[in-house]
**Q** 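The structure under discussion is supplied below as C-alpha cells; questions concerning it will follow.
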Amino acid sequence: MQLYIDPGTGSMLFTILISVIGAGFYAFRKLFMKLRFMSSGGSGNSDSGDKMDLVIYAESKRYWNLFEPICEEFENRERKLVYMTSSPDDPALEKDYKYVDAQFIGEGNKAFARLNMLNARVLLATTPGLDVYQWKRSKKTDWYVHIPHMASDVTLYRMFGLDYFDAILTTGEYQSDQIREIENVRKLPAKELKVVGLPYMDELKKKLDKSGVLPEHERTVILAPSWGPSGILSLFGSEIIDALIETGYNIIIRPHPQSFISEKEMIDGLMSKYPDSEKLSWNRDNDNFEVLRRSDIMISDFSGVIFDYIFIYDKPVIYADYTFDFAPYDASWLDNRTWTFDTLKKIGRKLDRNEFSHMKEIIDDCIENETYAAARHQAGSEAWQCRGEGAKNITDYMISKADEIAGAPEAAKEG
C-alpha cells in the first residue's frame, strides 16, 4: 500500500522540517555567539545590571509611524521607556525626549545578540519570529508583547511567527479570533489578547482631517504591490506598467520597501526600463501620506497598505488576480484562511491579466462606481477598532503589565 500525501500537506510538512532544521542551526549559532561574547568580556553590558521596566524594539525606521504615538504617550505621562532600534537613522534618535531613551543597538545578528540577553520586564515589538530563528527569548525578560503593524491578517506571518509571544495586542477582534484558531490547532497555551486599535491609523486620520481639500489634479493611479513571488511586480512586471502608461494617467509606482532588498535585481531592472518622467514616478518616501492622498485609486495585491487606503482615504482599489501560496504561512493551518482575501472580493475589483488592455475603462469605472463604499466601511469596522485610542490603549497595557510583574513575588513570576 502506498501512502499518499496531498501537495498542500506535503508543502506544509516540508516547511516545518526546514523550520526545525533552521531553529537547530540558529540555536547552535546563538550558543557560539554567547560564548564568544562572554569570552571577550562582554558579560558586563548594560542589560546585565538593573532590570529595565519597559522596552520597545523596532527592527526598522519604517515602523516609526506606529511607534511614535506610543513614545509620545510615554513622554506625556512622564514614564520611562527604552526604545531600541536597528536603524542608525531612526527618527527616534533625533527626538529630544526626556523620558524615552532611544538607542541604536546595531543591525542583524548584533541586534539579536543584545535582545537575546535583554534584562527587562516588558518588551513590545512588531517583529514576528520570536524563538524561531535568531531572536530568542531572554531568560531575563518577563513578558513579550507583539503588535501588528497593519490591520490585515496576523496569519500571513511566516509560520510560527507569533507562537512564542506572551501577548498580542490586535487591531480588531477578527485578528484575536485567528490567533485563538491557531492556538487550538497547534495545541498552544493561550496568549493574552487585547484589542487596542492601531496608533498610526489614528494619527493618519487626524492628519488627513487637518489637510483640507485636495486641489484639482489630473487623475492619478498608485501601483503599490507587496513583495515576493505573489506580488504584482513579480508576477506581471512590464505588462502591468505598460498597461498603466497606456491610460495616459499619472502613474506612481511605490514598491514595498523589502523589494529593494530581496528583489533588488528585478526592481533595478524595472526602474531602468521605466525611469521617472512627467507621467510616471517611483516613490520611496518613508512617509506615504502625501503620495496616497494625491492618488485617486490604488492597484495592489494583498499588501496591507490597501487597508490604509480604504480606511483612511476612503478610495477605491483594484487588486490583481494571482495565485497565493499559503504553505509558508500560518494561514495554511486554517480552513477559513484569511480575512484579507475574503474582504478584497467585497471592497475592490479584481483585475485579470487578460483585461490589461482595458485598464483605462476599469480604472474609470472603479473611481466613479459607489457600490464598494459600503463594503469599505464594513471592513473598517471589523479591522480597525478602538479608533483614536490606539497609543493610549497600548501604553496602558504595557504599564499595567510591567507594574503587575514588578509587584509580583518571584515565585509567581517564575510560575
Side-chain angles (χ1 to χ4, degrees), residues 3-30 57 59 112 115-116 122-139 141-196 226 228 230 302 304 324-343 382-383 385 397 401 413-415:
L3 180 64
Y4 171 74
I5 300 178
D6 66 86
T9 302
S11 179
M12 184 174 69
L13 292 175
F14 179 74
T15 301
I16 293 173
L17 176 61
I18 293 300
S19 298
V20 170
I21 293 172
F25 170 76
Y26 283 111
F28 175 78
R29 189 164 72 175
K30 177 191 171 186
Y57 170 61
E59 65 176 301
F112 289 124
L115 293 171
N116 292 351
V122 175
L123 172 65
L124 176 80
T126 59
T127 309
L130 175 65
D131 239 17
V132 178
Y133 290 117
Q134 299 103 313
W135 187 21
K136 300 299 182 182
R137 289 183 65 109
S138 168
K139 293 181 179 179
T141 295
D142 299 289
W143 198 255
Y144 286 86
V145 185
H146 178 84
I147 51 171
H149 67 276
M150 290 284 189
S152 50
D153 298 76
V154 290
T155 55
L156 289 178
Y157 287 122
R158 293 281 171 169
M159 205 175 290
F160 317 118
L162 301 182
D163 284 7
Y164 303 108
F165 285 90
D166 300 296
I168 314 291
L169 305 182
T170 61
T171 72
E173 197 64 46
Y174 91 92
Q175 290 181 340
S176 300
D177 292 342
Q178 289 180 332
I179 292 165
R180 288 291 183 242
E181 285 187 71
I182 289 290
E183 290 172 345
N184 183 57
V185 170
R186 294 191 188 141
K187 311 301 181 187
L188 297 170
K191 299 172 189 62
E192 198 163 275
L193 303 179
K194 185 176 180 62
V195 178
V196 295
S226 188
S230 297
F302 54 92
F324 188 84
D325 181 11
F326 287 96
Y329 304 96
D330 279 333
S332 64
W333 291 69
L334 305 180
D335 292 330
N336 297 319
R337 287 187 167 176
T338 64
W339 177 90
T340 295
F341 295 111
D342 289 343
T343 302
E382 295 170 359
Q385 298 175 356
Y397 178 86
K401 182 57 65 175
K413 285 189 282 185
E414 292 173 1

**Q** For residues Tyr57 and Glu59, report the shortest heavy-atom separation together with the two atoms involved.
**A** OH-CA, 3.5 Å
**Q** What's the spacing between Ile182 CD1 and Met159 CE if we round to 0.5 Å?
**A** 8.5 Å
**Q** When you compare the side chains of Gln178 and Trp339, does any donor N or O come within less than 3.5 Å of an acceptor on the partner?
**A** no
**Q** Provide the closest heavy-atom pair for Ala151 versus Ala383 in the form atom of the first, atom of the second, distance.
**A** O-CB, 3.6 Å
**Q** Kindly indicate, with the supporting measurements, whether the criterion side-chain contact (heavy atoms from CB on, under 4.5 Å) is fulfilled by Tyr157 and His146.
**A** CA-CA 12 Å; Tyr157 287 122; His146 178 84; 2.8 Å; yes
**Q** Which pairs with one or both residues in residues 146-163 pass salt bridge (charged side-chain N to carboxylate O under 4.0 Å, His left out), sequence neighbours excluded?
**A** Asp163-Arg186
**Q** Could you list the residues that satisfy side-chain contact (heavy atoms from CB on, under 4.5 Å) with Asp166, not counting sequence neighbours?
**A** Arg137, Trp143, Tyr144
**Q** So, taking the atom named CG in Asp177 and the one named CD in Glu382, what distance separates them when rounded to the nearest 0.5 Å?
**A** 10.5 Å
**Q** At what distance, to the nearest 0.5 angstrom, does OH of Tyr329 lie from OG1 of Thr338?
**A** 12.0 Å
**Q** Is it true that the side chains of Ser152 and Thr340 contain a donor and an acceptor less than 3.5 Å apart?
**A** no
**Q** List the residues meeting side-chain hydrogen bond (donor to acceptor under 3.5 Å, both in side chains) with Glu183, not counting sequence neighbours, and say none if there are none.
**A** Arg180, Lys191
**Q** Between Thr126 and His149, what is the shortest heavy-atom contact and its length?
**A** CG2-CB, 4.2 Å
**Q** Which heavy atom of Trp135 sits nearest to which heavy atom of Thr127, and what is that distance?
**A** CZ3-O, 3.3 Å
**Q** On a heavy-atom basis, which atom in Ala327 and which in Ser332 lie closest, and how many Å separate them?
**A** O-OG, 3.6 Å
**Q** Would a distance-only check, ignoring hydrogens and angles, find a side-chain to backbone donor-acceptor pair under 3.5 Å from Asp330 to Phe160?
**A** yes
**Q** Counting N and O atoms only, with roles assigned by atom type, does the side chain of Asn116 sit under 3.5 Å from a partner on the main chain of Gln134, one being a donor and the other an acceptor?
**A** yes
**Q** Roughly how far, to the nearest 0.5 Å, is the CD1 atom of Ile168 from the CD atom of Glu192?
**A** 10.5 Å
**Q** First locate atom CD1 of Ile179, then atom CZ of Phe165, and finally report the distance between them rounded to the nearest 0.5 Å.
**A** 10.5 Å
**Q** What distance separates Leu156 CG from Phe326 CZ, expressed to the nearest 0.5 Å?
**A** 7.0 Å
